[in-house]
**Student:** 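First the structure, then my questions, so here it is.
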Amino acid sequence: MNFTITTNERLTEMVWRMTLRGDTSTLTAPGQFVQVSLPGFFLRRPISVCDWDGEGLTLVYKVVGQGTAAMASLQPGEHLDLLTGLGNGFRVEACGERPLLIGGGVGLPPMLGLCRALLRAGKRPRLLAGFGKAAECFLLADFETLGVPVTVTTLDGSRGLRGVATDAMPLLDFDSLCACGPLPMLRAVWRQTGGRGQYSLEERMGCGFGACMGCSIQTRGGSRRVCKEGPVFDGMELMWE
Amino acid sequence: MTDLRVSLAGLELDNPVIPASGCFGYGKEFAAYYDINLLGSFSFKGTTLEKRFGNPTPRIAETPDGMLNSVGLQNPGVRHVIDVELPEMRAYFRKPVIANVSGFSIDEYVETCRLLDGQEQVGLIEVNISCPNVHGGGMAFGTDPASAAAVTRAVKAVAKKPVYIKLSPNVTDIAAIAKACEAAGADGISLINTLLGMRVDLRTRRPVLANRMGGLSGPAVLPVALRMVYQVWEAVKLPIMGMGGVTTARDVIEMMLCGATAVQVGAANLVNPYACREIIEQLPVEMEKLGIGSLSEIIGGAHA
Ligand SMILES: Cc1cc2nc3c(=O)[nH]c(=O)nc-3n(C[C@H](O)[C@H](O)[C@H](O)COP(=O)(O)OP(=O)(O)OC[C@H]3O[C@@H](n4cnc5c(N)ncnc54)[C@H](O)[C@@H]3O)c2cc1C
Ligand SMILES: Cc1cc2nc3c(=O)[nH]c(=O)nc-3n(C[C@H](O)[C@H](O)[C@H](O)COP(=O)(O)O)c2cc1C
Ligand code: FES
């Protein structure tokens, strides 16, 4: 699917936001992802849809290697080939009235689309975002604009509470949760809640649409493809003990 | 008018384009993107007697112009394929399909082939001999002419459908293996499977793949595949399904000139789900440009 880049701007030293115009009709749930084809790279890059509407979508990505560095050098007006509507996404209806959204680092972006979907469904979400330090924080103003309570933790205490996201969980009132972020964070949340909630996972991907078995994980119900049956899994399915 | 039809020892194809095993699942995911009945056929995921989860992740790594995989033959096992996958496949694929079979002992190959041979939808059996032989010190069947012949003979004894032996490129003399399979009764040869490779993460200083090593495929391997198809064509009289690095209609024509009767497309499907449809649409255009009327006439055309 051909998309046109409308903006590509730096949010922090390493994190960028790209908006693209194109056909978003295959997107059905927050937490789904796209596979980005980049000139000069054989494999596509999986990136979560941060938010989308009928005209286009937003991706927020961290430069960690050569592919994401190439993405950051692209200019508005340039075209990108995307496979969209990939994966299952979060189940809004499975959330309670007061869901806690936990985003660690570049696990935060899909929480924005999820937050808007929860608000549309009449629920009262709140955000818990974990970063390394104040200078690495991004996207928080977008959540504040939606009027949801935002709690921030940083490892060095330079913004919000000092510590990791799970340290702040006992202070917050919630009846359900959705989490996306680095594996150690997800596991800590999972342990702390006895496996409650929905968790968005990452794996290296060959295809991103279920054909290669490159991304399989073992779950209680058997083997699952992170790209197809995931990336979002119910905590009860995960085997992290 | 251009004619794309080819004939594979008993299996007539509308065109020579066949998605390769492990890169097309059972076709379902691609049928959601386009009508896969326009393919010549397709080779489904490598099937073993019992279900296999495969290797730990990461199973995928990128390489210059290609990829490594160490999926480790994840599949639901032959009975599930017969009871669930093949019946479901009827809804979206109406042509004879190619059953790709793997095994870790001769008995396992024989039993899996026997079961799949009995399935009406299966038009041809492709036996992947790149797997390690658990009774032979773990050496791959496909790296030794005698073991390759032994698998071929055993499978041919139970199969009524045409049997193609899919060769591993990780050998010094591919022609010798192909000849051994021909002498043992193979109906055709498929090649190449993936080339053993690896990558290391510079930050962690550890191999990227959990399995450390994996199989290289994609455009990077095209010249190796062309060379091996060329050599095997000179060594045997059997029809060949050529593959390795094919992404365009021009690559298909090049592979056929080296000696392939049909051409399989693997990794290209993973990065572009429409790859095979685009190749099939482009073939008549390229044939026109090159003055080719019928594809079957160019098979082996690169040989003096
Ligand atoms: C479902 C999903 C959603 C994601 N969403 C986002 C997002 O919204 N924002 C964001 O910044 N990042 C996201 N990631 C991670 C992102 O895919 C990687 O950071 C990116 O692929 C790195 O590419 P690179 O070429 O810069 O890095 P390199 O390390 O050079 O990449 C080499 C290869 O490894 C793969 N790879 C490297 N890291 C990862 C990883 N963490 N996950 C999967 N594949 C990886 C690359 O795709 C590429 O094939 C997501 C990953 C998944 C699986
Ligand atoms: C992810 C992946 C899985 C594969 N699984 C199988 C398999 O199960 N059986 C098999 O015979 N070959 C398997 N192959 C090899 C391909 O069928 C093909 O021989 C090889 O990839 C070369 O073609 P390509 O360069 O077009 O990909 C696999 C390849 C890939 C990339
Ligand atoms: S990445 Fe290919 S099946 Fe998930």
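Below, chains carry the letters A, B, ... as their sequence lines are ordered, and counting in each starts from 1. Atoms considered below: every heavy atom in the structure, side chains included; atoms not considered: hydrogens, waters and symmetry mates. Please read these numbers as outputs of a predicted model, since none were measured by experiment.
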**Student:** Near A:Glu13 CD, under 6.0 Å, is it more than 12 heavy atoms from other residues, nucleotides or ligands?
**Tutor:**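 Atom CD in A:Glu13 is not crowded, with 12 or fewer foreign heavy atoms closer than 6.0 Å.
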
**Student:** Under 3.5 Å, side chain of A:Arg44 to main-chain N/O of B:Val271, donor-acceptor pair present?
**Tutor:** yes

**Student:** Name the region of B:Phe30, side chain, backbone, both or neither, that has any atom closer than 4.5 Å to a heavy atom of chain A.
**Tutor:**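 When you check distances to chain A, only side chain atoms of B:Phe30 fall under 4.5 Å.
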
**Student:** Can you tell which of A:Gly67, A:Gly208, A:Cys212 has the highest number of heavy-atom pairs within less than 4.5 Å of chain B?
**Tutor:**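 Between A:Gly67, A:Gly208, A:Cys212, the count favours A:Cys212.
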
**Student:** Measuring from atom CG of A:Leu43 to atom CD1 of B:Ile60, what distance do you get when rounded to the nearest 0.5 angstrom?
**Tutor:**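 The CD1 atom of B:Ile60 is 7.5 Å from CG of A:Leu43, to the nearest 0.5 Å.
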
**Student:** Report, as yes or no, whether the 6.0 Å neighbourhood of atom CD on B:Glu281 holds more than 12 heavy atoms from other residues, nucleotides or ligands.
**Tutor:**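 Counting neighbours around CD of B:Glu281, more than 12 heavy atoms of other residues, nucleotides or ligands fall under 6.0 Å, so yes.
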
**Student:** May I ask you to check whether over 12 heavy atoms, not counting those of A:Arg220, lie within 6.0 Å of atom CZ?
**Tutor:** yes

**Student:** Tell me, for B:Asn269 versus chain A, whether the close heavy atoms (under 4.5 Å) come from the side chain, the backbone, both or neither.
**Tutor:**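 For B:Asn269, the contact with chain A is made by the backbone alone.
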
**Student:** Which region of B:Pro56, side chain (C-beta onward) or backbone (N, CA, C, O), has a non-hydrogen atom less than 4.5 Å from a non-hydrogen atom of chain A, or is it both or neither?
**Tutor:** neither

**Student:** Looking at A:Met213, is its backbone amide N or carbonyl O close enough to the side chain of B:Arg59 to form a donor-acceptor pair, meaning the two atoms are under 3.5 Å apart?
**Tutor:** yes

**Student:** State whether the side chain of B:Glu62 and the backbone N or O of A:Phe42 hold a donor-acceptor pair below 3.5 Å, judged by distance alone.
**Tutor:**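 It does hold such a pair.
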
**Student:** Is chain B contacted by the side chain of A:Gln218, its backbone, both, or neither, given a heavy-atom distance below 4.5 Å?
**Tutor:** both

**Student:** What part of B:Ala267 is in contact with chain A, defined as an atom under 4.5 angstrom from a non-hydrogen atom: side chain, backbone, both or neither?
**Tutor:**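 Its backbone and side chain both get close to chain A.
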
**Student:** Does atom CZ of B:Arg250 have more than 12 heavy-atom neighbours from other groups under 6.0 Å away?
**Tutor:**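 No, CZ of B:Arg250 has 12 or fewer neighbouring heavy atoms, counting only those of other groups under 6.0 Å.
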
**Student:** Side chain, backbone, both or neither: which part of A:Leu83 has a heavy atom under 4.5 Å from chain B?
**Tutor:**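 For A:Leu83, side-chain heavy atoms alone lie under 4.5 Å from chain B.
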
**Student:** Are more than 12 heavy atoms, taken from residues, nucleotides or ligands other than B:Arg206, located less than 6.0 Å from that residue's CZ atom?
**Tutor:** no

**Student:** Check each atom of B:Tyr33 against the heavy atoms of chain A and say whether the ones under 4.5 Å are side chain, backbone, both or neither.
**Tutor:**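 When you check distances to chain A, only side chain atoms of B:Tyr33 fall under 4.5 Å.
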
**Student:** Got more than 12 heavy atoms from elsewhere within 6.0 Å of NZ, B:Lys51?
**Tutor:** no

**Student:** Looking only at heavy atoms, what is the nearest atom pair of B:Val208 and A:Arg204, with distance?
**Tutor:**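 Of all heavy-atom pairs spanning B:Val208 and A:Arg204, the closest is CG1-NH1, 3.8 Å.
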
**Student:** Would the number of heavy atoms belonging to other residues, nucleotides or ligands and lying under 6.0 Å from CD of B:Glu88 be above 12?
**Tutor:** yes

**Student:** Ignoring hydrogens, what is the shortest heavy-atom contact between B:Leu270 and A:Ala211? Give both atom names and the distance.
**Tutor:** CD2-CB, 4.1 Å

**Student:** Please flag which part of A:Ser37 lies under 4.5 Å from any non-hydrogen atom of chain B: side chain, backbone, both or neither.
**Tutor:**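 Neither; nothing under 4.5 Å.
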
